[in-house]
Amino acid sequence: MVDSGKAVRVIRKAVRSAVTEAAEAALARVEEREASRAPGAPAPKPPKVAEPTKPVEPLPPKPDQSGPDRRTATGAETLATRDDVAQQGRFLTTSTGARLRDTDHSLKAGDRGPTLLQDHHLREKITHFDHERIPERVVHARGAGAHGVFVGYGNAKPICRAGFLARGKETPVFVRFSTVLGSRGSADTVRDTRGFATKFYTDEGTFDLVGNNIPVFFIQDGIKFPDVIHAGKPHPDREIPQAQSAHDTFWDFVSLHTEAQHHTIWNMSDRGIPRSYRTMEGFGVHTFRTVNAQGETALVKFHWKPRLGVHSLTWEEAQLTGGIDPDFHRRDLADAIESGAYPQWELGLQVFEDTDDETFQGIDLLDPTKLVPEELAPVQPVGLLTLTGNPTNFFAETEQVAFHVGNLVPGIDVTNDPLLQTRLFSYVDTQLTRLGGPNFNQIPVNRPHAPVNDMLRDGFHQHAVHAGVAPYRPNSLDGGCPFHASGPRDGAFVDVPVRVAESVKERDVPVSFADHFSQARLFWLSMTPVEKQHIILAYTFELSRCYEQAIRERQLLALAQVDPELCAEVAAGLGLPAPEAPGPLAEPQPSPALSQLGREWPTDGRVLGVVVGDEGDLDGVDALVETIADHGMVALVIGPHGGKLSDGTVVQRTFGGARSVEFDALLVAGCPAPAPDAIPVRDAKADDPGEPLDPRVRLMLEECYRHAKTIGVWGAGAEALAAAGLPVDAPGIVRGSSPTGVLAEVEGLLGSHRAWERFVSPTQ
């Protein structure tokens with residue numbers, strides 16, 4: 001017989017032994033770590049500056065990482081180790097184990113030809129990427145939408161036969177703005193690229209212009225899209241950092257894949273943190289081909305130009321806003337529409353001759369990492385977009401809207417841009433999982449405003465009730481319907497018969513795609529001194545957040561090929577030596593159009609805070625608020641408490657609940673004494689109650705001054721400036737005897753967005 005007691009003791013001893021061995025092994029791994037390596041390392045061992053080239057086996061997990069027990073789906077134990085269930089082998093393979101020699105270039109008909117459908121690796125890579133997340137979007141998950149109307153000017157007729165561009169033609173639209181990297185719950189004001197996607201419900205079919213607020217992209221070939229997004233997304237082990245690029249994997253990628261440097265410098269500029277969706281440019285990024293009524297073609301780039309100008313937040317404002325109001329951009333858009341300050345953009349075209357080489361003045365028009373300066377090819381306005389309505393239901397509209405760059409109308413066609421070619425496949429594939437099947441275009445927000453007879457049947461969420469018995473062609477049972485349109489006369493979409501040069505199928509790019517730095521340098525040279533300082537600070541901050549010094553050094557090598565001043569300033573901020581460029585730098589002609597500064601813009605929808613106290617000078621405040629509204633702006637009265645003041649003035653914000661980042665300018669009526677709640681135990685922003693000015697008001701004034709915002713005062717308002725320690729004669733400080741007089745001057749200064757002279761720059 002088996003001694004059951006002895007068996008139990010043996011098992012217990014074995015268990016204790018296994019636990020002890022595991023604990024000792026974990027301790028040994030911890031002791032092996034370098035004492036100087038603080039917590040937060042992204043990988044188990046530090047990388048070198050040079051890109052690794054010698055094949056090695058997958059690195060083991062970090063010492064602090066474990067994982068779930070290796071069990072079957074029904075709970076049975078297995079003998080598998082954590083290495084057994086991780087990736088295997090030294091070489092990149094397909095999901096079925098076939099080794100790959102290239103994952104950087106799609107298979108094309110020649111280096112300038114279209115991408116081939118037979119590229120099984122591209123399809124597998126993109127398909128898997130498209131289905132990585134459900135149900136929110138993999139990218140552009142955080143969004144805001146609005147309804148509106150587009151009115152054509154009619155002047156595009158010589159180059160494009162699209163009906164929605166005809167003079168006076170009104171076309172309903174739905175626009176979705178978004179950030180790229182963050183989840184649906186992330187903050188609006190992060191430093192990131194913004195999506196600018198417009199769905200035109202034309203009577204010739206739906207046209208989707210799916211672009212960004214930056215005219216170039218990180219990559220030249222769509223096969224690299226999973227790579228750049230995987231690099232920018234939170235690290236897969238900790239799922240941090242969220243909605244930001246200030247981390248190792250992003251900078252590891254862009255410092256190695258240097259075609260990303262042009263887009264990256266745009267992200268590091270003020271363009272990466274817009275003041276509002278309403279003050280943000282949009283770009284189609286790619287070059288498209290247009291066709292006129294005579295069949296003649298042209299190449300074009302699409303631009304959205306905001307009527308309010310292009311304006312941004314300062315970095316500190318963006319950080320404060322992310323904590324105070326993470327929905328800042330969503331709220332701003334919805335509030336502007338609700339208040340009648342309808343956002344507007346002009347749609348413009350840069351037009352180029354459709355030549356065989358598809359270049360313009362040496363710039364390859366098929367390279368999505370390149371732009372054409374507006375000084376060389378002016379943007380010609382062809383229509384006006386006005387957003388007039390907020391969604392009724394966020395999920396039904398903003399969340400379920402499905403865009404696709406292949407939603408084209410007669411007169412607009414694609415080119416062989418290798419990034420655009422992959423997007424033509426990816427968008428439809430994405431919707432299949434995200435929206436639960438092939439009938440996503442039948443969701444109300446996606447339904448076309450043109451008759452549909454597509455012969456597509458059944459599938460999940462089929463809303464149509466199709467009649468007839470013959471969803472095929474040719475047929476006679478349904479009377480031959482549907483028929484082919486005979487051509488342009490019947491309004492048919494015609495694929496432009498572009499000649500494809502004789503070549504071989506290959507994974508390669510044109511030689512012109514090899515220039516990764518000249519346009520990043522063009523952007524830098526086009527910036528004003530204050531904008532350059534912001535770029536320097538952005539690079540310094542982002543790279544300082546990288547754990548690995550090797551990545552910082554590698555990115556400095558890239559910056560050295562953009563500009564020596566930029567490289568030296570960032571290197572100094574990081575405490576590293578500045579490397580020299582390996583060769584002479586390009587000397588492009590600066591493009592003033594790339595700068596946000598130097599012009600005057602309308603002030604529609606700007607938010608003005610009016611600071612008042614119970615015992616202050618309230619005469620004329622109500623009239624001031626009405627005047628601000630009459631001028632198309634929004635006034636928010638900021639008082640010591642909610643409700644109404646002694647004269648009946650309605651308060652929208654309290655000293656304790658307001659912060660400077662909500663406002664484009666402050667108007668101060670008097671010098672409000674500390675309110676009863678201005679004590680630290682009630683409000684952490686409060687301090688000594690014996691001061692003449694409420695400390696929360698002082699903080700707002702200090703922040704507005706630091707962020708170069710306009711401040712207007714009258715009467716005892718000058719005492720508030722003095723109490724806050726602010727100079728009364730600084731640029732952007734307006735003093736007057738009456739509220740209306742101060743408002744007039746403040747409104748004039750708001751046209752340039754900030755008092756830029758207050759930003760001190762060493763390069764000035």
Side-chain angles (χ1 to χ4, degrees), residues 112 114 150-167 169 171 173 196-200 202 204-217 281-305 345-385 403-421 423-424 488 493-498 519 591 593:
R112 302 185 64 80
F150 178 84
V151 180
Y153 292 162
N155 58 333
K157 186 176 180 180
I159 62 165
C160 185
R161 60 180 283 248
F164 75 96
L165 296 174
R167 181 177 179 82
K169 178 69 174 179
T171 302
V173 300
F196 192 135
T198 307
K199 185 176 289 291
F200 296 82
T202 87
E204 297 179 300
T206 301
F207 172 53
D208 288 348
L209 182 54
V210 194
N212 289 330
N213 73 322
I214 292 175
V216 293
F217 203 60
E281 277 186 298
F283 303 90
V285 179
H286 309 288
T287 298
F288 290 81
R289 181 171 276 106
T290 58
V291 188
N292 64 15
Q294 292 73 44
E296 300 165 332
T297 63
L299 300 177
V300 303
K301 285 184 175 290
F302 290 100
H303 294 247
W304 288 113
K305 296 288 188 181
W345 291 260
E346 280 193 308
L347 178 64
L349 301 178
Q350 282 183 302
V351 183
F352 316 99
E353 184 181 353
D354 190 359
T355 59
D356 290 340
D357 61 5
E358 295 167 309
T359 65
F360 177 78
Q361 296 200 17
I363 301 170
D364 195 322
L365 297 176
L366 300 191
D367 183 349
T369 68
K370 304 292 194 304
L371 59 81
V372 177
E374 293 182 28
E375 291 77 11
L376 301 181
V379 176
Q380 304 173 40
V382 297
L384 179 66
L385 166 68
F403 295 96
H404 175 33
V405 290
N407 286 345
L408 302 166
V409 291
I412 302 175
D413 201 358
V414 298
T415 60
N416 289 340
D417 174 337
L419 176 60
L420 176 57
Q421 290 276 310
R423 293 179 75 193
L424 291 168
F493 177 86
V494 178
D495 297 283
V496 179
V498 178
Q519 289 218 328
S591 170

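Here, residue 1 is the first one in the sequence, and each next residue gets the next number.
Evaluation of the side-chain hydrogen bond (donor to acceptor under 3.5 Å, both in side chains) rule for Gln350 yields His303 as partners, not counting sequence neighbours. For Asp413, there are no side-chain hydrogen bond (donor to acceptor under 3.5 Å, both in side chains) partners, not counting sequence neighbours.
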(request) Apply side chain to side chain contact (heavy atoms under 4.5 Å, CB included) to Val382 and Asn155, showing your working. (result) CA-CA 6 Å; Val382 297; Asn155 58 333; 3.9 Å; yes
(request) Before giving the answer on side chain to side chain contact (heavy atoms under 4.5 Å, CB included), spell out for Phe283 and Leu371 the whole-Å C-alpha distance, their side-chain angles and the decisive distance to 0.1 Å. (result) CA-CA 10 Å; Phe283 303 90; Leu371 59 81; over 6 Å; no
(request) Could you please spell out the steps behind the side chain to side chain contact (heavy atoms under 4.5 Å, CB included) verdict for Phe302 and Leu349? (result) CA-CA 5 Å; Phe302 290 100; Leu349 301 178; 3.3 Å; yes
(request) Apply side chain to side chain contact (heavy atoms under 4.5 Å, CB included) to Trp304 and Leu347, showing your working. (result) CA-CA 5 Å; Trp304 288 113; Leu347 178 64; 3.5 Å; yes
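Atom NZ of Lys157 has 12 or fewer neighbouring heavy atoms from other residues, nucleotides or ligands inside a 6.0 Å radius. Remark: Glu353 CD is loosely packed, at most 12 non-hydrogen atoms of other residues, nucleotides or ligands lying under 6.0 Å away.
Screening Phe150, Phe164, Phe493 for a ring-ring contact (aromatic ring centres under 6.0 Å, His included) with Phe207, the sole residue that qualifies is Phe164. In summary, of the residues considered (Thr287, Thr415, Thr297), a side chain to side chain donor-acceptor pair (under 3.5 Å) with Asp354 occurs for Thr297 alone.
Electrostatic pairing of Arg112 and Asp356 does not count as a salt bridge here, judged by no charged N lying under 4.0 Å from a carboxylate O.
Judged by distance alone, the side chain of Asp417 and the main-chain N or O of Leu419 form a donor-acceptor pair under 3.5 Å. Proximity of a side-chain donor or acceptor of Arg161 to a complementary backbone N or O of Pro488 within less than 3.5 Å is detected.
Because its NZ or CZ atom is both nearer than 6.0 Å to the ring centre of Phe403 and within 45° of the ring axis, Lys199 counts as a cation-pi partner of that residue.
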